[in-house]
Amino acid sequence: MKHVLSVLVNNHAGVLSHVSGLFTRRSYNIDSLSVGETQDPTKSIITLVISEDEEMVKQIEKQLYKLVDVLEIRDLTGEDSLKRELILLTVRFSPEKRAEILTLIDVFKATVVDMTEEEIMIELVANPRRISSFLQTFSKFHIVEMARTGTIALEFPTARKVRN
Amino acid sequence: MSLTLHFRILVRIMAGRKTGAEVMIDILLRNGVEICWGYPGGAILPFYDTLFHYADRIRHILVRHEQAAAHAAEGYAKATGKLGVAIATSGPGATNLVTGITDAKMDSVPILAITGQVPTSAIGSDAFQECDIYGISLPITKYNALLKNVDDVARITQEAITVAMSGRPGPALIDFPKDIQTATTEVLQPGPLKIHPRHWQKPAITGDLDRLIEALDRARSPMLYVGGGAITANAAEKVRLLAEKGSIPVATTLMGIGAFPGNHRLSLGMLGMHGTAYANKAVMECDLILALGARFDDRVALHAPSFAQQAVRAMVDIDLAEINKRVKVDIWVSGDLADVLSILVERIKAQNRTSWVERIQALKAKHPLRYFRGRGDIKPQLVIEKLWEKTRGQAIISTDVGQHQMWAAQYYPINEARQWLTSGGLGTMGFGFPAGLGAKLGRPEKEVVVITGDGSFQMNMQELATARMYDIPVKIILFNNGFLGMVRQWQELFYNQRFSHSDMDYNPDFVKICEGYDIPAMRIEHEREIDKGLDFLLKSEDAALLEVMIPQAEKVYPMIASGQRYETMTEVGEPLPGEEEYSTIPNREVEFIKI
Ligand SMILES: Cc1ncc(C[n+]2csc(CCOP(=O)(O)OP(=O)(O)O)c2C)c(N)n1
């Protein structure tokens, strides 16, 4: 099962290698890691998606807590948070596929960012499941290039309210 | 030193400014640091210049290899409970510390490493002797920092010391660029620390204390399995009170030696791979095993799923991450061990557990530590037993790594915490001698005996010069079997006697080596010389070395091979023709061994 951990850390060089180093050293399986500043520029959030069982995730949390720069860890696996990923995809097409591609883009509510006679660049922001299904659908076309972020997540204010 | 220099320093200090190096040393002093070990070089020269001015307040010991500085700092820290400090220059100086820092991480020893670094303007340019020791030390420290601003020196130094000493202790490293050492600042105080309080405040007790007490009261045949955490927590006294109140036998790990009196009637000695047979049998027979500051590591819970599987497995540890890491426990409590033990001692029922205690005594009588004698050659076990008698079990023992380490653990019962220094987690050959030097400087009133092998000693024997230069009277017993003995033992048992690259055919003449360093030394080869040899060693006013020639094929028993179940333990080896079994009575008070 995939777990999403949101790790609040001090924002300084070295934190990222410290956290990712922990994962390599203890050979924890990590699907994605994304990092960015928060509203407080001295702090960042590292969002980790981990494929490990419940026990192991607990162990990972405890090991993370031992790092000096880790301030807080929240498990955002469940329904109480919004998860988002961004994917950018450039597809090459022959004229007869054009209509199908445009329809699919519409179905996924993706955005066309740029286009030539034979290539189209698509952007989609969605939850990880829709991103995967989008990618699977488009894999039958000729994908020229793609880039994809890891998951980021934020707890819903309604859930926060209940928790506090 | 010129007058103008003094004058300049004075003017600066009057203006309320100090250099980064001065600020750091001030903070060290404020934290009670009196001594440090190190080796100078280009990038740390300003710091050394400052040490020169502080010579009346902080003693510096010049080692002969930076690795030894780190181990000496560890030995000092382990023997005294205080912070050990090691200093090195950038690049090779810093990387030479790495083994010692890792050793301290594995064994939870509070040391602070201070490394010189190239000036901030040169960082990243592959400057002469530049290396990323910050990056290198990330996974081997509890805290590390690269100083980039002189205003941070006070705070970061304090944070490093605080983190190293708090909770489950460990090493810290500060990388100190040359220009920051000389830059001046008005910030002389640490101010508020920027680390989360959980890194320095005593943690609250969590877990299921009530269930633990209930289980202890209900158990008919419980045992304690005590690790290095009990020594770190200064909880040895409380371990004893708990054991005595509940009549609970106690086994210790290699790191836990000293956390319970080795001669106590409830002592089982060490458990695990080379533990006593009676400790290991107790593990298989008990109905509850309580780990106190121990981590079910692979030298104890060799085959984790079957380890004491018939028993309730319980654990108390300050480090939450140790709980359920290797062995899933039935009951756990996390918190400061001394605090938890105080509660346990108060709340458990006093019990006699007569039949269990009798069973333990029977196991001890039936399965004592055994070895063979009778051919006139020297058995290392006997030397250690006699060392125990001659030092009345009072010496601080610092070991290297290998067979001699295990023999020392088995045959020199230790009665006090901080009297046993060894490299457990990392198993670092070369640890013993420098650690012994560190311990002797920390506790000069104690006899310090280093027990080493011909392989291990050669990893740091250059420190004979340090012992001589500062007159540090540690006593070295070097067991020379002409082999990397422990490696040979494994090759004999598991690799069909293919002794691939484990013989030390070209050993130096250790007595002559000592002569070169002006250290008294003596070699013995026959059993009848043991007394003479030990008397020579222990009566020497100076550091001294006793080289003891021992048979190549001598092995360490009992033994459970790695990854195996306790049931597979081999209790004793095979005698050679002419040899007779000789057994050690556990829990002896001083008694005579006849030759
Ligand atoms: C630095 C280091 N290198 C290698 C080893 C692997 N090793 C473990 S015990 C041992 C042999 C030690 O030989 P010696 O010091 O002569 O002691 P003995 O086992 O003969 O008593 C070796 C090579 C180690 N523990 N540490």
Tell me, yes or no, whether the heavy-atom count around [X] atom [atom1], taken from other residues, nucleotides or ligands under 6.0 Å, exceeds 12.
X: A:Lys97; atom1: NZ; result: no
X: A:Glu117; atom1: CD; result: no
X: A:Glu96; atom1: CD; result: yes
X: A:Glu145; atom1: CD; result: no
X: A:Arg26; atom1: CZ; result: yes
X: A:Leu154; atom1: CG; result: no
X: A:Arg129; atom1: CZ; result: no

Identify the two heavy atoms, one from [X] and one from [Y], that lie closest to each other, and give their separation to 0.1 Å.
X: B:Ala321; Y: A:Gln63; answer: CB-NE2, 3.7 Å
X: B:Leu138; Y: A:Gly14; answer: CD1-O, 4.2 Å
X: B:Tyr134; Y: A:His12; answer: OH-CE1, 3.6 Å

- [ ] For the residue pair B:Arg198 and A:Val70, establish whether any side-chain heavy-atom pair is separated by less than 4.5 Å.
- [x]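 SC-SC contact between B:Arg198 and A:Val70 confirmed.
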TODO: Would you give the length of the straight line joining atom CE of A:Met56 to atom NZ of B:Lys325, rounded to the nearest 0.5 angstrom?
DONE: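 With rounding to 0.5 Å, CE (A:Met56) is 11.0 Å from NZ (B:Lys325).
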Open item on the list: With a 4.5 angstrom heavy-atom cut-off, is it the side chain or the backbone of A:Leu67 that approaches chain B, or both, or neither?
Closed with: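 Only the backbone of A:Leu67 comes within 4.5 Å of chain B.
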Open item on the list: Taking side chain as everything from C-beta outward and backbone as N, CA, C, O, which of these in B:Lys328 sits under 4.5 Å from a heavy atom of chain A? Side chain, backbone, both or neither.
Closed with: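 Only the side chain of B:Lys328 comes within 4.5 Å of chain A.
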Open item on the list: Can you tell me which of B:Ile195, B:Ile323, B:Asn144 forms the most heavy-atom pairs within a distance under 4.5 Å of chain A?
Closed with: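 Greatest number of close heavy-atom pairs with chain A: B:Ile323.
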TODO: Could you point out which residue of A:Lys62, A:Glu61, A:Lys58 forms a side-chain contact (heavy atoms from CB on, under 4.5 Å) with B:Leu320?
DONE: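 That would be A:Lys62; it is the only one of A:Lys62, A:Glu61, A:Lys58 passing the side-chain contact (heavy atoms from CB on, under 4.5 Å) with B:Leu320.
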